[in-house]
Amino acid sequence: MKTIDALLAEGVNGKRVFVRADLNVPLADGTITDDGRIRAVLPTVKALAEAGAKVVVASHLGRPKGAPDPAFSLRPAAERLGELLGATVAFAQDTVGTAAHDTVGGLEPGQVAVIENLRFNAGETSKDDAERAEFAEQLAALADVYVGDGFGAVHRKHASVYDLPAKLPHYAGHLIATEVGVLKKLTDDVKRPYAVVLGGAKVSDKLGVIDHLLEKADRILIGGGMAYTFLKALGHEVGISLLQEDQIPAVKEYMKRAEAKGVEFVLPVDVLVSPDFPDLKTKAPANPTTVAADAIPADQEGLDIGPETRKLYASKLADAATVFWNGPMGVFEHPDYAEGTKAVAQALLDTSAFTVVGGGDSAAAVRTLGFDENAFGHISTGGGASLEYLEGKTLPGLAALEN
């Protein structure tokens, strides 16, 4: 995979460089609540602009249905990018139409533009190869060179991620090069003990990565909503907690395989429960109760790991040399159910291990709960992409850059 370093060495002064970024940031009433993904692409955009490129930044945001929708406009992201760059960033109000061509055509060397949400065009996400290719051709007309730096989208076979690189000289940006380098440390030549912490709502979302990591990890710690399917598989009452009964056979099989391979499966020993899901808007006190993991009342819902589990998980991470964490331990958005996720984040900071936070809600939790992002070994910008890489899947966006 050729990287941006090679491109810069070749020279980009005056060239139109299309940067496929991931500016898919969370918005509340049009205001960005977490600009981590914008900050992640800054090194690539800065390097290209400083080298005299005409930088064309493109991304998706949310899930518009193939047509313009003001609720998903990239304008707030473009404005924030300009603030972080300390320079004016032009904004085109379409993707491949007159506005895009006029905006890109008006760039001087060293200037940056953002075009509108790629998913406003149905060709971006189409499953029809010809439709995607046609949109990619239209995008290619805006640039001389392609730089892929939207790691959060490389697991998607979309026009700007998969088809466009084939139509232009293509390189990996700083972010993708970093992300791939980190993930290789979790799959090739791993320093041991290797501990994996998995949380989040659905066990079905993590079965693929569990399957693959049973061949690589020494310990797998389970939390979040997915833990209750594991507890149910052991025969425990889980009340009204999140449960995927159809996944119980698979969970039982994985626990058997783990035992046979000597991989330690660590499950909660106590949990915080409540009869009511917390109000995440008002953050009204929830007054949870702590119970043993095998004694959840039938009318209660597990919403976080308990204090003994926090201590247990910290002890299981203390001597690790490598830690990968994906998924919160509970409903961290509510202060009464944030302590489990806080404890895992703190345990990562307290260890001398190489620590990787696998994007998504885990990355959001780190920022929301006030931790110093720079204190972790790496915080990924792509939760889904990270998991699929660790499952051993071929990611279309990486394959396109390697071609």
Side-chain angles (χ1 to χ4, degrees), residues 63 155 195-215 217 219-261 263-278 280 286 288 291-306 309 312-313 324-334 337-338 340-341 344 358-362 364-365 382-393:
R63 296 176 183 270
H155 58 316
V196 176
V197 186
L198 297 175
K202 293 182 178 180
V203 68
S204 56
D205 292 341
K206 304 293 196 302
L207 286 180
V209 75
I210 292 172
D211 181 50
H212 206 65
L213 289 174
L214 281 174
E215 305 297 326
R219 299 172 196 146
I220 299 178
L221 287 60
I222 303 292
M226 63 183 284
Y228 302 101
T229 300
F230 281 87
L231 293 174
K232 186 71 171 181
L234 293 176
H236 301 327
E237 171 66 58
V238 297
I240 57 173
S241 305
L242 282 173
L243 176 64
Q244 290 185 285
E245 291 213 43
D246 61 322
Q247 301 298 327
I248 288 176
V251 164
K252 287 181 176 179
E253 179 60 29
Y254 285 141
M255 288 194 284
K256 279 185 185 177
R257 279 179 54 198
E259 184 176 6
K261 290 179 174 294
V263 177
E264 188 178 6
F265 244 111
V266 189
L267 299 177
V269 295
D270 62 345
V271 297
L272 270 63
V273 299
S274 170
D276 301 306
F277 192 82
L280 299 180
V291 300
D294 59 358
I296 298 173
D299 64 344
Q300 304 269 314
E301 180 177 9
L303 295 165
D304 195 12
I305 57 173
T309 304
L312 172 64
Y313 285 14
F324 173 71
W325 170 34
N326 181 281
M329 297 293 99
V331 187
F332 73 91
E333 298 91 342
H334 192 287
Y337 301 104
T341 303
V344 167
D361 285 342
S362 307
S386 295
L387 288 177
E388 290 199 15
Y389 189 99
L390 293 179
E391 286 179 40
K393 291 183 177 180

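Worth knowing before you read on, the calculation uses all heavy atoms, side chains too, and leaves out hydrogens, waters and symmetry mates.
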_Rounded to the nearest 0.5 Å, what separates atom CG in L214 from atom CD in E253?_
10.0 Å

Just list the side-chain donor-acceptor pairs under 3.5 Å for residues 385-393, sequence neighbours left out, or say none.
{"unit_1": "S386", "atom_1": "OG", "unit_2": "S380", "atom_2": "OG", "d": "2.9"}
{"unit_1": "S386", "atom_1": "OG", "unit_2": "G382", "atom_2": "O", "d": "2.7"}

_Shortest non-hydrogen contact from G223 toward I305_ = CA-CG2, 4.4 Å

*asked:* So, taking the atom named CG in D276 and the one named CD in Q300, what distance separates them when rounded to the nearest 0.5 Å?
replied: 8.5 Å

_Checking A292 now: which residues fulfil side chain to side chain contact (heavy atoms under 4.5 Å, CB included) with it, not counting sequence neighbours?_
D294, A295

*Considering only heavy atoms from C-beta outward, does the side chain of K206 approach that of V196 to under 4.5 Å?*
no

*Could you tell me which residues satisfy ring-ring contact (aromatic ring centres under 6.0 Å, His included) with H155, sequence neighbours excluded, listed by chain and number?*
none

*Taking only residues two or more places apart in sequence or in another chain, which ones pass side-chain hydrogen bond (donor to acceptor under 3.5 Å, both in side chains) with D205?*
none

*If every non-hydrogen atom of P275 is compared with every non-hydrogen atom of I240, which pair is closest and at what distance?*
O-CD1, 3.9 Å

*Check whether any side-chain heavy atom of D304 sits under 4.5 Å from a side-chain heavy atom of V331, and report yes or no.*
no

*If we only count heavy atoms from C-beta on, is the M255 to L234 side-chain gap below 4.5 Å?*
yes

*Would you please test L213 and V263 for side chain to side chain contact (heavy atoms under 4.5 Å, CB included) and show each step?*
CA-CA 10 Å; L213 289 174; V263 177; over 6 Å; no

*Which pair of non-hydrogen atoms, one from G239 and one from I296, has the smallest distance, and what is that distance?*
N-CG2, 4.1 Å

_Nearest-0.5 Å distance, CG of residue L272 to CG of residue D270_ = 7.5 Å

_By ring-ring contact (aromatic ring centres under 6.0 Å, His included) - contacts of Y313 (at least two apart)_ = none

*Just jot down the ring-ring contact (aromatic ring centres under 6.0 Å, His included) partners of F265, sequence neighbours excluded, or say none.*
F230

*Sorted by first residue and then second, give each side-chain hydrogen bond (donor to acceptor under 3.5 Å, both in side chains) pair with at least one member in residues 224-252; sequence neighbours left out.*
S204-Q244

*Can you list the residues that meet the side chain to side chain contact (heavy atoms under 4.5 Å, CB included) rule with E264, with sequence neighbours excluded?*
R219, V266, K316

*asked:* Rounded to the nearest 0.5 Å, what separates atom CG in L231 from atom CE in M226?
replied: 11.0 Å

*Return the set of residues passing side chain to side chain contact (heavy atoms under 4.5 Å, CB included) with A227 (not counting sequence neighbours), or none when no residue passes.*
I222, P268

*asked:* To check you understand the geometry: which heavy-atom pair defines the closest contact between N326 and G358, and what is its length?
replied: ND2-O, 2.8 Å

_Non-neighbouring partners of E215 that pass salt bridge (Lys or Arg N to Asp or Glu O under 4.0 Å), sequence neighbours left out_ = R257, K261

_Looking at every heavy atom in both Y337 and S274, which two are closest together, and how far apart are they?_
OH-CB, 3.2 Å

*asked:* Could you measure the distance from the OG1 atom of T341 to the CD atom of E333? Nearest 0.5 Å is fine.
replied: 8.5 Å

